[in-house]
Every structure is written in C-alpha cells, then in structure tokens.
Participant: 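Please find one structure pasted underneath; my questions will follow.
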Amino acid sequence: MEKMNRRKFLELIIGGSFLGVIFSIFYPIVRFLFPPKLPETPQFQVNVGKVDDIPINSGKIFRLGTKPGIIVRKKDGSFVAFSAVCPHLGCIVQYRPDFEHIWCACHNAHFDLSGKVLSGPPPAPLEEFKVKIMGNEIYVVKE
Amino acid sequence: MKKLRNSIYKWLLERIPLKELIDFISKKGVPIHPYSYWYFFGGICLFLYITQVITGILLLLYYKPTMESAYESVHFIVAHVPFGWLIRSIHSWSANLLIGAIFIHMFSTYFLKAYRPPRELTWVTGVLLLFIFLAFGFSGYLLPWNELAFFATKVGTEIVGTLPIIGYPLKIFLRGGEEVSGATLTRFFGFHVAILPGITFIILGIHLLLIQIHGMSVPLGMDEKELKKEPFFPNFFIKELMVWLGITMILVSLSVFFPWPLGNKADPFAPAPPGIKPEWYFNFMFLTLKLMPSKIIFIEGEVFAVLVFFFAAFFWILVPFLDIWSAKEKRSGLFTWIGIVSLVYIISMTILAYILP
Amino acid sequence: MKMKKIIIYSLFFFICNFSFAKEDSCFDCHNELEDNLKKPVEMMKNDIHYQFGISCSHCHGGNPLIFDESAMDKKYGFIGVPDKKEIVQLCSKCHSNPEYMKKYKPGIRVDQMELYKTSKHGILLEKGDKKVAVCSDCHSSHGVLPSNDPRSTIFPQKIPTTCGKCHGDKEYMKAYSIPTDQIEGFLESVHGEALMKKGDLSAPACNDCHGNHGSVPPNIENIAYVCRQCHSLAAELFLKSPHKPAFDKMGISECVGCHGYHRIEKPSDEMLNPQKGICSSCHEKGSKGFSIAEKIYSEINDLKNKIKEAELILNRVYKMGVEVSEAFLVLQNAKSSLTNARNLVHSFEIKRIEEAINEGLKNTEKAYNEGKKGEKEAIMRRKGFAFSLIFFIILILALFLRLKEEKFSKN
C-alpha cells in the first residue's frame with residue numbers, strides 16, 4: 001500500500017513538473033508566433049512625413065536605418081534628400097533657408113542642393129537619397 | 001478515460017502493426033558495460049537536431065534572406081519579437097553544441113569500433129551526416145549577414161576554390177557568382193532550410209533505421225549475449241529524458257547569460273577586419289592551411305593541405321572496410337592509433353588556433 | 001684645363017644638337033660639377049619654372065648659349081647669387097606683371113609683392129634688415145613647387161617647418177622681441193594635430209591665419225574674423241554678443257582671450273567652471289556675468305552627466321543581452337545637442353543655450369528610459385529562467401527516483 005502511495009505520489013510529481021516543463025517550453029514559442037505591435041525598423045526606406053508638413057525652403061532631419069538624413073523642400077516645391085552626416089568630421093548638417101542650401105555648423109561647410117561641396121573643408125559631397133512621393137506621404141529610399 | 005484509450009488502441013491495431021511495434025520496443029535492450037555512457041551521445045545529437053529544426057522553423061517566420069534585410073530581420077527578432085532573443089540564441093548555441101556532440105559521437109563509436117560488421121552502413125551514413133552538419137553550420141553562419149560571417153564565408157569559399165580542376169566551378173556554385181554577394185546569401189539559405197534538411201531526412205532516416213535493426217554495438221572482446229541488458233523502455237528512456245532535460249537547461253542558461261552577439265552588418269566594400277577566423281569547428285583545418293609551407297614538392301602548400309583533408313574524409317568513410325582486424329573481431333591497434341592521432345591533432349590545432357595571434 | 005674645355009664643349013655641342021629646344025649651358029655645365037654647385041641643377045629638375053622653360057639666366061643673368069665660363073660675365077647681366085633685396089626685385093619682375101603672368105596661368109595672382117610690402121618681413125627688409133624672409137626663404141630658390149604639391153615647401157603640412165626655420169630658432173630670433181614657441185605650440189594644438197597627424201588638409205597652417213605674403217599678426221579687434229573663416233557659427237555668435245564690445249574696450253583679443261592662439265587646445269567645459277575657469281577671471285563672484293557663467297556650467301555638466309548615466313545603463317543592459325542599439329541612436333542625438341549647446345556658449349545668451357540643453361535632456365531621458373526598460377527585461381529573463389529551471393530540476397529528480405523504483409522493482 002505504502003509503495004503504491006509512493007508510486008502514485010512520484011507519478012504526480014513527474015506529471016506536475018512535466019507540465020511545468022512543457023509550459024516553460026511552449027509559452028515562449030506561442031508568444032514568439034505572434035508579431036509585436038510595431039512594424040520592422042525600416043532600414044532602406046522610411047516615411048519621413050507628409051508633404052503638407054514640410055514648408056517650402058525648409059529642411060527636416062530624419063532617420064534612415066542607423067544614420068541621420070536630411071530632406072529639403074526646394075523653392076520650386078520639389079524634394080531632395082541626403083545623408084545628414086558631414087563628410088569632414090561627421091557633424092550633422094542643417095538646411096539654411098537664408099542661404100537656400102545646406103550648411104554644416106562645425107567648420108562652415110556649404111553644400112548645394114545636389115549635395116556637392118560649395119566651400120569648406122569636406123573632402124566629398126553628401127550622399128544623395130531618392131525621394132518618392134505617394135499621395136501625401138514622402139518616402140526616402142537609399143539605393 | 002481508459003475506455004477511450006482502449007478503443008483507440010483497438011482501432012489502430014486493425015490498421016497498423018501496433019502489436020509488433022510495441023513488442024519490439026518492449027524487447028529493446030541496452031547493453032550494460034563500462035562504456036555504456038557513450039550510448040547517450042547519439043540521442044544527444046538527435047535531440048539537438050530536433051531543437052535546431054524547431055527553433056529554425058520559428059526563426060523562418062521572421063527571417064528575410066536578402067542582403068538588404070537579413071541583418072535587420074535578425075535584429076528585429078532579437079530586439080522586438082517576444083522571446084526572439086531566446087529562440088535565436090538557442091539556435092546558435094545548439095548549432096555549436098550539436099557539432100561538438102557529433103564529433104564526440106563519431107569518435108566514441110570509432111574507438112569502440114562500433115563500425116564492425118554488420119554496422120558498416122551505419123558508420124558510412126554517420127560520417128555523411130557529419131559532413132552534412134558541417135555544411136549546415138557553414139551555410140547557417142552566413143545568414144545573419146554580419147561582418148564576421150561575411151568574411152568567414154569569403155575565406156572559406158576561397159579555400160574551396162584552390163582545389164585542382166573542380167575548385168573553381170565549385171567556388172562559383174557555392175557563391176552564386178564570382179564574389180560573396182546577395183546571391184550567395186540566397187543560395188546558402190536554400191541549402192540551409194531546404195536542400196540539407198531534405199538530404200538529412202533521408203540519411204538520418206537510414207541511420208536510425210539501421211540502429212533499430214542492429215541494436216547497440218558492444219565493445220571489442222565483449223560477448224553481446226553474455227552482457228546484462230537494461231530495458232530501453234522505461235529505464236534507458238528515462239535516463240535519456242534526463243539527459244535531454246539537462247541539455248535544454250544548458251541551452252537556456254547559455255542563451256540567458258551568454259546571448260549570441262549580433263555583430264555589425266556586413267559591408268562587402270570594407271576591408272576585412274584583422275584576425276578573421278572561421279567557426280571553431282573549422283579552425284583545425286584553417287590553422288593547418290595557414291601553417292603550410294608555400295610549396296610541397298611541386299604543389300602549393302595550401303592546395304596540398306586541402307587535398308590531404310579531402311583524402312582523409314574519403315578514408316574516414318571507408319574505415320569499416322579498411323579495418324580488416326576489427327572486422328574479424330581482433331584487436332586493431334593501427335586504427336586505434338590513427339584515431340588517437342586524429343583526435344589529438346584536431347583538439348590541439350583547435351586550441352592553438354585560439355592561442356596564436 | 002684646355003682638355004676639359006674641349007671635352008665639355010664637344011659633349012654639350014653633341015647633346016645640344018639632340019636636346020629638345022632648350023639650350024642651357026648653365027644647366028649643362030653645373031650638372032657636371034659637385035656639391036653646392038650641382039645642387040641647384042638637381043633641384044631645378046622639379047622646379048615649376050623649369051617646367052615652363054624658365055631657367056637659370058632668367059634670374060641670375062648670364063648667357064646660356066655660351067658653353068664656357070665667359071657666359072657668367074657682367075656684360076651678359078650675370079649677378080651671381082642675388083642678395084635679399086635683389087631676390088624680391090627679381091621675383092616680382094615677373095610675378096607682379098599681370099601681362100606676363102597671364103600667358104602662363106590666366107587666373108594667377110600678381111599682388112604678392114604689394115602684400116609683401118605691407119608685411120612685417122617687407123617692412124623690416126625696407127629698413128635694411130638682412131635676416132627677414134624673402135620669396136626664396138619660403139618658396140625655396142630652386143625647386144619651387146605649387147602649394148598643392150606634397151613636395152613643396154609651402155604644402156600645408158610643410159608650412160610649420162618652413163616658417164619654423166626662422167621663427168622657431170631662438171638664436172636666430174634673438175634680436176626680435178617675439179616668442180619662438182609658436183611652432184611648438186601649434187604642433188600640440190588641435191589644429192596642428194588635425195593637419196599633421198590626421199592629415200586633414202583643411203586644417204589651418206600658419207598662413208591661413210597670418211596671411212601668405214602680407215603676413216602680420218592679426219589685430220586683436222579682428223581675430224574673430226580670422227577664426228570665422230572656419231568657425232563661422234561661433235564667431236557670428238560672439239560678434240553679436242555683449243562680449244565683443246567689452247573685449248574691444250578692454251583690449252582683450254577676441255577668441256584668443258579665452259582659447260589662446262598657437263597652442264589652441266580642444267575646448268573643455270571646465271573653461272566655464274566658476275572656480276577655476278576663464279569666466280571668473282573677469283566676472284567677479286556675485287556679478288550677473290558670474291551667475292550666468294555658473295548656470296551655463298552647471299546645466300552643461302548636468303546634460304553631460306545625464307548622458308554618461310544613460311550610456312552606462314545602456315552598456316550594462318547591452319552586456320546582459322538586451323538589444324538597445326536604437327536607444328544608442330537616440331543618445332547620439334542628445335550628444336549632438338550637447339555639442340550645439342557648447343557652440344551656443346559663444347552667444348552667452350542663457351536662453352538659447354538652455355533650449356539646446358533641453359532638447360538634449362529630452363533625448364537623454366528617452367534613452368535612459370529605454371535603458372531602464374532593458375534592465376527590467378534582463379531581470380525578467382533571469383526570473384523566468386529561474387522559474388522554469390525549478391520545474392526542470394524537479395522533473396529530473398523525479399525521473400531519477402522513478403528509475404530507481406524501476407530497478408528496485410525489477411530486483
């Protein structure tokens with residue numbers, strides 16, 4: 001009788017802990033199957049905002065993947081986008097509406113709206129990104 | 001409850017040879033002797049492979065096999081998907097443990113001469129599985145598309161290219177082109193999730209079937225009929241379950257305390273970072289290549305080494321047919337020595353690869 | 001001697017018949033000589049004048065078509081080695097003549113001589129000083145190369161050595177009342193490091209601040225304009241700030257007053273320290289200026305420390321296995337704000353500085369919170385692990401006992 005009780009008790013323990021183990025294995029798997037609420041971090045294409053939100057002759061900094069970018073709305077209403085990292089020493093550039101072109105505050109570099117260096121120390125132009133307008137949304141794509 | 005069980009049993013009995021199966025399992029016995037512990041390693045390999053299949057399928061739900069998104073998708077899994085960090089780290093750690101277990105399993109069966117007749121084909125399929133799993137490791141390593149993986153693949157396929165005659169076409173086949181690129185990634189993905197698993201299914205199936213047919217081999221000199229046997233079910237099965245639970249604990253501990261790193265995204269145009277090494281299980285071959293003199297007789301040192309490994313692999317497959325002494329149940333000192341030299345070589349070269357700068 | 005003459009004459013006659021256009025006895029004869037007399041020829045091979053067909057006789061006079069020593073006769077205008085004043089005349093003979101220079105390079109400047117006359121070197125030379133620099137001292141006499149040629153004595157990375165030849169020589173400069181530690185200081189400065197060690201050719205050498213030909217130490221009221229060439233934002237902010245009129249009144253050098261001149265170091269936040277910084281050297285404790293300096297110092301340090309804290313926690317969490325690379329990016333933005341705030345210090349307008357600092361604090365907080373979240377995640381993982389571990393261990397033990405049972409019952 002005692003042996004039977006011990007047996008039964010042991011089987012209970014085995015059953016219980018087995019359920020615990022199964023739960024520990026299946027809970028993460030089931031959670032894994034359902035994707036998180038936020039979409040994947042866009043690395044090569046990103047929505048930088050609405051057309052109406054960027055006024056003429058202004059610029060806005062955005063993030064593409066791990067790097068900062070700058071989108072500029074020119075006087076004629078069209079958009080251009082570049083990497084916002086200055087090729088000289090890596091500072092973040094900005095758009096100057098008074099110059100109507102891009103400028104780096106660190107060592108007074110000037111870039112035209114095709115990314116080329118107008119004056120200052122940078123040894124190379126700004127990398128250009130492609131801009132795609134879909135309806136009222138602006139997308140910047142890195143090729 | 002019992003009634004339901006019985007009716008299902010009866011229903012199945014009419015359709016499949018259930019009785020014979022149950023009979024077979026209940027009669028299955030595992031010999032007991034001082035070397036019995038080595039029997040666990042086959043099951044360990046099987047368990048780790050199943051882990052790989054399950055975690056691999058889960059990763060497949062989120063992984064993107066293009067060079068633009070591969071790294072980012074792995075980052076997404078690790079950073080944002082619930083328990084993604086766990087599934088990914090288990091997959092990476094389990095891969096390494098699996099290959100380690102396969103080597104141990106292979107060497108233990110070698111030294112115990114388990115390849116003696118009638119188990120020659122078990123050995124052959126086993127060695128083929130070793131090569132298949134090395135291919136699994138090599139192809140899977142590239143998939144996160146990080147710096148280390150990219151350059152390890154570049155170096156590895158470059159070495160394949162040095163083989164005479166077949167080297168160049170083989171390199172192009174592996175790389176999907178002249179260079180390691182997005183095409184390589186797509187190809188390796190195909191190998192890793194479809195082609196290799198398909199081949200494994202067949203070869204592993206044969207391997208396991210043969211084991212059921214022949215049962216466990218006993219060491220040279222022992223008589224199978226004289227040895228005590230413990231029943232597979234429930235005794236050995238419980239032991240195996242305990243081992244598998246233990247390994248699961250190890251895998252989870254490793255994933256929690258030593259998570260597998262993400263690394264930096266691969267940049268095909270950047271120069272190789274210094275000290276590129278392949279995964280540890282290739283290191284002994286890699287170091288051998290590095291230490292070769294530039295020319296041996298008239299052959300380039302590296303090519304010579306690659307050819308030696310090629311022939312060593314060929315030799316290894318044929319061991320059961322070459323070891324005529326074990327086949328006659330006689331002591332086989334020569335092959336034991338070959339085994340010891342190989343094992344010592346592999347272990348010391350692997351360690352050396354990590355000590356040397 | 002006669003034999004030598006015959007050999008040389010015939011040799012060069014032979015060569016001249018096969019040489020391309022230029023018949024230059026100076027070149028050919030001196031090439032056969034040794035040491036100091038041969039050196040100019042070797043150097044001329046790389047000289048830009050020589051490449052344009054302008055040779056020895058254009059400056060030294062003499063007749064390049066006569067292949068003996070009579071070529072060096074006064075009647076051919078031979079002047080030997082010119083003295084300092086002669087050198088300046090010789091060079092400007094061409095280089096100040098726009099009609100002549102246009103032929104070789106349409107856009108080349110021809111005002112060097114004019115500028116030189118306004119320089120300290122030019123002024124002293126006029127007074128008869130024979131130690132000052134003239135054209136050949138900087139450009140070299142033979143082997144003149146344009147400034148974008150790395151072999152040139154006026155290539156940006158070579159300029160500190162060229163100027164330092166005199167200005168760094170204590171003995172040489174003994175008679176003048178100027179220091180001789182400029183080169184030393186420059187090489188240790190942020191500009192010197194950038195130019196000489198990092199190879200950034202856009203970094204300033206001596207001439208970028210002092211001028212090329214009209215070199216003179218800049219007036220203390222105009223130094224901001226000099227630095228403004230590159231540091232435009234800081235200079236603009238400064239020029240619009242109350243410090244500009246104050247410095248002018250007190251005769252303190254702009255920019256230089258706080259940053260030094262040759263040995264300009266990377267600016268540190270400690271310059272704002274009320275106790276040992278620069279502000280307190282003018283602003284007394286209790287004054288408005290002092291309290292503003294205090295505020296700026298504490299706010300910048302606050303942001304700096306908060307960024308460090310956030311970085312620490314993110315690094316720790318990263319080591320524990322939680323992915324936080326996005327939070328690191330947010331922190332990068334905060335670091336940009338810190339740089340911006342430091343730049344804005346030149347305006348001395350506390351409101352503008354605070355704006356940048358608040359932007360930085362916002363991002364730092366975001367990054368820090370991500371770090372805290374990551375910490376929680378790391379702890380949750382370990383807790384979950386421990387929890388499931390208990391079940392595993394119990395199961396293994398229970399199975400072990402079951403096994404024992406089995407063996408026992410079999411017996």
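Since the model is a prediction, treat every value here as computed from it, not as a measurement. Side chains included, hydrogens not; waters and symmetry mates left out as well; all remaining heavy atoms used.
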Participant: Is it true that, when you exclude A:Phe18 itself, more than 12 heavy atoms of the residues, nucleotides or ligands shown sit nearer than 6.0 Å to its CZ?
Facilitator: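 It does not: A:Phe18 CZ has 12 such atoms or fewer within range.
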
Participant: For A:Phe62, is the CZ atom crowded, meaning more than 12 foreign heavy atoms sit under 6.0 Å from it?
Facilitator: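 Counting other residues, nucleotides and ligands, CZ of A:Phe62 exceeds 12 neighbours.
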
Participant: Around atom CZ of B:Phe24, are there more than 12 heavy atoms of other residues, nucleotides or ligands at under 6.0 Å?
Facilitator: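 Yes.
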
Participant: Is the shortest heavy-atom distance from the side chain of A:Pro35 to the side chain of B:Val81 under 4.5 Å?
Facilitator: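 In short, these two side chains do not touch, never coming nearer than 4.5 Å.
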
Participant: Given a strict heavy-atom distance threshold of 4.5 Å, which part of B:Leu58 is in contact with chain A: side chain, backbone, both, or neither?
Facilitator: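 Contact with chain A is through both the backbone and side chain of B:Leu58.
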
Participant: Which atom pair, heavy atoms only, marks the closest approach of B:Ile77 to A:Phe32?
Facilitator: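 Scanning both residues completely, I find the closest heavy atoms to be CG2-CE1, 4.1 Å.
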
Participant: How long is the span from the CD1 atom in B:Ile238 to the CD1 atom in A:Ile14, to the nearest 0.5 Å?
Facilitator: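 Answer rounded to 0.5 Å: 6.5 Å.
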
Participant: Surrounding CZ of B:Phe257 (heavy atoms of other residues, nucleotides or ligands, distance under 6.0 Å), is the total greater than 12?
Facilitator: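 Correct, the count exceeds 12.
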
Participant: Give, as side chain, backbone, both or neither, the part of B:Tyr62 having an atom under 4.5 angstrom from any heavy atom of chain A.
Facilitator: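 B:Tyr62 touches chain A through side-chain heavy atoms alone.
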
Participant: More than 12 non-hydrogen atoms from neighbouring residues, nucleotides or ligands closer than 6.0 Å to OH on B:Tyr9, yes or no?
Facilitator: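 Yes, enclosed.
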
Participant: State the CG-CD1 distance between B:Leu86 and A:Ile29, to the nearest 0.5 angstrom.
Facilitator: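 Taking CG in B:Leu86 and CD1 in A:Ile29, the distance rounds to 9.0 Å.
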
